[in-house]
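Take a look at the structure below.
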Amino acid sequence: MIDYNTLTVPEATIIQKELKDSVKITPYNGPLNYVAGADISFNKFSTTVYAGIVMLEFPSLKPVGYSLVKKEVLFPYVPGFLAFREVPALLDAWAQLPVKPDILVVDGHGIAHPRRMGIASHFGVLTQQPSIGSAKKKLFGVYEEPGIEKGSYTPLTDKQGLQLGNVLRSKSKVAPIFVSPGHLIDIPGSTAVLMQCIKGYRLPEPTRLAHNAVNQFRTNIISEGWTSL
DNA sequence: GCGACAG
DNA sequence: ATCTTGTCGC
């Protein structure tokens, strides 16, 4: 496998264009008993990243365990190339899972990306697993502000009108989240699954719990490895 | 040239 | 992303 730490942005762009052909946006008809959330945490100015994947039971959304891994990363954060910075560590956390989830929710975008290769799509293709991107801010596309009530959403499209995802009001009166399919699932399915992952907070449980876990890991409250709850 | 810009 | 206290609205 290619070492992302030694890549230049132009080289990374070529890789995204190649991986793009492998992304499959299609309805997900498999089982849905487990979902997982992936996220990264790090100390400002440090090259050490703390990656984590939390497994949850679906539809109860009760966490059943988490995989935590620490890794050195040299690739900088560049808008549009987040995957090259976070995917390596997430792959380690993924490999450490005793059982894989049916669908993985990644903190970041899926196909709502300049080259349709956001981190959720990138990770989904490399692992050949259904994935959904859930981002807190827009990276690419245009949209109309959704209604202020929880549950309302509007399409996120490119300038030609092609839909890439949805802008979802996950909680009344708070900023919406951006949902887009990563791999092996479509836009309606991604939106439906994410809506079922909302439990009173702005962020869906998978990534919300993953975010909490990696932060506790970074601050030495919990340790590396796989832990069953 | 100017504005936008996931985490 | 991370660093932070108080403050506003439901």
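Model, not experiment: these values are computed from the prediction. Below, chain A is the first sequence line, B the second, and so on; all start at residue 1.
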Checklist outcome for this item: The first and last nucleotides of DNA chain B lying within contact of chain A, meaning any atom under 4.0 Å from one of its heavy atoms, run from B/dC5 to B/dG7
Item to check | Distance (rounded to the nearest 0.5 Å) between A/His122 NE2 and A/Ile15 CD1 | outcome: 7.0 Å
Checklist entry - Just by protein heavy atoms under 4.0 Å, how would nucleotides 1-10 of chain C read 5' to 3' in B, S and -? => result SBS------S
Checklist entry - Reading DNA chain B 5' to 3', how would its secondary structure be written in dot-bracket notation, given Watson-Crick and G-U pairs with both distances under 3.5 Å, brackets [ ] for crossing pairs and | for partners on other strands? => result .......
Next on the checklist: Applying a 4.0 Å non-hydrogen cut-off, can you work out what A/Phe81 is touching in the nucleic acid: base, sugar-phosphate, or nothing?
Outcome noted: base
Next on the checklist: To the nearest 0.5 Å, what is the distance between OH on A/Tyr34 and CG on A/Leu104?
Outcome noted: 16.0 Å
Checklist entry - Got a second to check how far A/Leu19's CG is from A/Met117's CE, nearest 0.5 Å? => result 4.5 Å
Item to check | Base-pairing string, 5' to 3', of DNA chain C - Watson-Crick or wobble, under 3.5 Å, | interstrand | outcome: ..........
Next on the checklist: Walk me through whether A/Tyr143 and A/Phe178 qualify under ring-ring contact (aromatic ring centres under 6.0 Å, His included).
Outcome noted: CA-CA 10 Å; A/Tyr143 67 97; A/Phe178 301 77; 5.4 Å; yes
Checklist entry - Would you call A/Arg115-A/Glu18 a salt bridge at under 4.0 Å N-O? => result no
Checklist outcome for this item: Per the under-4.0 Å heavy-atom filter, residues of residues 114-129 of chain A near DNA chain B come out as A/Gly118, A/Ile119
Item to check | Interatomic distance, A/His211 atom NE2 to A/Asp107 atom CG [nearest 0.5 angstrom] | outcome: 7.0 Å
Checklist entry - Taking only residues two or more places apart in sequence or in another chain, which ones pass salt bridge (charged side-chain N to carboxylate O under 4.0 Å, His left out) with A/Lys71? => result A/Asp92
Checklist entry - Please walk me through it: do A/Phe84 and A/Phe75 pass ring-ring contact (aromatic ring centres under 6.0 Å, His included)? => result CA-CA 7 Å; A/Phe84 295 89; A/Phe75 196 92; 5.6 Å; yes
Checklist entry - Just how far is it from atom NZ of A/Lys100 to atom CE of A/Met55, taken to the nearest 0.5 Å? => result 9.0 Å
Checklist entry - With a 4.0 Å cut-off on heavy atoms, is A/Gly80 in touch with a base, just the backbone sugar-phosphate, or nothing at all? => result base
